[in-house]
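To find a chain, count down the sequence lines: A is the first, B the second, and so on, and within it residues start at 1. Here the structure is a predicted model, which means the values were calculated and not measured.
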Amino acid sequence: MTQLHCEFKNAVNTFKVSNKKVSGHYNMAGNHFHNYYEIYYLLSGERYYFIKDRTFYVTKGDLIFIDQYELHKTTDTGVPDHERVLIYFTEDFIMTRGGMLPEILTLLFKNGNPLVRLSLSGRNFVEDLFRKMLQEAQVKGTGYEMAFQALLMQFLVYMARYLEQNQTNIFDHPSPMHQKVSEVAQYINGHYSETLTLTFLSKRFFISPYYLSRIFKEVTGFSFIEYLNNIRIKEAQKLLRESRTKVITIAEKVGFGNVAHFGRVFKGITGQTPLQYRKQNG
DNA sequence: AGTGGGAGAACAAGATTTAA
DNA sequence: TTAAATCTTGTTCTCCCACT
């Protein structure tokens, strides 16, 4: 496994670009939603990418745009070896100029279709930009942050125009199993504030709980409880940021029976207590 | 010092996940 | 599919901190 990894960070804005070649099979671990925009580009190999409530089959030359706070995870397709480019950036990193930027970000990241399958010329163009970005981030010459920002802008504008000209395809679920799990995930997204158990869902979707548990993990990369908790904590974070609601009330609103448990899960996922999070982000 | 919101530890009961 | 292993959750109790 080879890896190049560059990061720039201060209090206000952040970007990060990395290039990773993975030999064999790999399933990611760690943070599964964050306040960065994320761009994932597959140089070679194939992956499944689960985003929010459905799985995309990603192959060489595909781009994925992941919005802020969107739950996501890549999983193995069974085919070994892949190489990808990953770019993260915060809104502040790029929002320093006016123009069309908010519209472009909306078009690319909030259009309901995270997967873009590029033409050959499109691939050449973006791969060239990615190479330059990686080089800037690696060499860190004078003004490299600005240079990186300019390259990122160029990429975003190119993609916005690309999407305007090319019909965005609606991609099929990779298999009926993926579709079934996607339905369950959609249900969870709509009902996380209620009491949800695997048994309840398995009855509602006519699958045995054991089987559901297994395919859910296989498709999403999350166990049922992990997924549910991530959705709940994501919403709790939003409430902590955007309201003054008491922690105990937030815990109830997002579906936790008691605060003690809410606090435990919150810390497990974010590494912070709810109030620490509010202090930092509220 | 008293009060209330919040964090967290320990434990038992129950639910989920895994291996066969 | 099942049983066993493991993890999750609710309860309760203690401690901490800010405020009065």
Side-chain angles (χ1 to χ4, degrees), chain A residues 24-35 47-55 71-78 80 173-282:
Chain A
H25 303 277
Y26 168 76
N27 284 310
M28 72 185 256
N31 266 357
H32 302 303
F33 63 95
H34 43 65
N35 67 340
R47 303 289 292 163
Y48 284 131
Y49 215 129
F50 178 82
I51 301 166
K52 189 179 177 184
D53 59 14
R54 60 163 296 172
T55 304
L71 196 62
H72 59 277
K73 197 165 194 172
T74 60
T75 54
D76 213 275
T77 56
H173 291 276
S175 76
M177 175 183 83
H178 285 85
Q179 183 162 5
K180 192 79 185 172
V181 170
S182 175
E183 286 167 24
V184 177
Q186 280 172 33
Y187 185 87
I188 296 173
N189 272 278
H191 300 263
Y192 61 84
S193 61
E194 302 159 20
T195 302
L196 289 179
T197 63
L198 191 64
T199 316
F200 170 80
L201 287 173
S202 66
K203 278 183 190 145
R204 196 171 196 292
F205 288 91
F206 311 104
I207 322 174
S208 99
Y210 319 102
Y211 183 58
L212 177 57
S213 171
R214 194 159 64 74
I215 63 173
F216 196 91
K217 178 75 178 273
E218 200 176 318
V219 166
T220 67
F222 299 95
S223 74
F224 160 63
I225 288 292
E226 278 174 340
Y227 183 79
L228 176 61
N229 283 341
N230 271 278
I231 299 282
R232 285 176 167 170
I233 296 305
K234 183 160 88 93
E235 188 58 25
Q237 286 188 330
K238 191 176 171 206
L239 291 170
L240 285 163
R241 286 196 307 274
E242 296 172 5
S243 78
R244 293 280 102 201
T245 314
K246 283 191 294 181
V247 172
I248 188 166
T249 314
I250 291 180
E252 284 162 10
K253 270 193 177 171
V254 302
F256 285 93
N258 71 91
V259 215
H261 185 229
F262 169 70
R264 197 161 36 191
V265 172
F266 193 96
K267 186 146 195 186
I269 289 177
T270 67
Q272 289 175 309
T273 65
L275 281 191
Q276 284 171 345
Y277 180 82
R278 172 175 273 164
K279 209 170 165 186
Q280 213 173 81
N281 302 279

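- In this structure, A/Ile269 CD1 and A/Ile233 CD1 are separated by 5.0 Å, a value rounded to the nearest 0.5 Å.
- Across all strands shown, A/Tyr211 has no heavy atoms under 4.0 Å from either base or sugar-phosphate atoms.
- Annotation: side chain to side chain donor-acceptor pair (under 3.5 Å) contacts of A/Asn35 (sequence neighbours excluded): none.
- Ring pair A/Phe50/A/Tyr227 is perpendicular by interplanar angle, where above 60° counts as perpendicular and below 30° as parallel.
- Of the two residues contacting DNA chain B, namely A/Lys246 and A/Lys267, the nearest-nucleotide position lying further toward the 5' end is that of A/Lys246.
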Exercise. What string of B, S and - do you get for nucleotides 4-20 of chain C 5' to 3' if you count protein non-hydrogen atoms under 4.0 Å?
Worked result: ----SBBBB--------

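- When the shell of 6.0 Å around NZ of A/Lys180 is examined, it contains more than 12 heavy atoms from other residues, nucleotides or ligands.
- Using modelled atom types, one side-chain atom of A/Ser182 and one backbone atom of A/Asp53 make a donor-acceptor pair closer than 3.5 Å.
- Residue A/Pro209 is out of contact with every strand shown, counting any heavy-atom pair closer than 4.0 Å.
- In the helix from B/dA1-C/dT20 to B/dA20-C/dT1, the terminal helix axes, each the rotation mapping four pairs' C1' atoms onto the next four within five end pairs, subtend 30°, rounded to 10°.
- Note that the first and last nucleotides of DNA chain B, 5' to 3', having any atom under 4.0 angstrom from a heavy atom of chain A are B/dG5 to B/dT18.
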Side-chain donor/acceptor pairs under 3.5 Å, residues 252-265 of chain A, sequence neighbours excluded:
| unit_1 | atom_1 | unit_2 | atom_2 | d |
| --- | --- | --- | --- | --- |
| A/Asn258 | OD1 | A/Ala260 | N | 3.2 |
| A/Asn258 | OD1 | A/His261 | N | 2.9 |

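- Residues A/Phe216 and A/Ile207 are not in side-chain contact: their nearest non-hydrogen atoms beyond the backbone lie 4.5 Å or more apart.
- For A/His173, the side chain to side chain donor-acceptor pair (under 3.5 Å) criterion is met by no residue, not counting sequence neighbours.
- Shown here for A/Thr77 and A/Arg47, the closest heavy-atom pair between the two residues is CG2-C, 3.4 Å.
- Put simply, the side chain of A/Met177 reaches to within 4.5 Å of the side chain of A/Glu218, judged on heavy atoms.
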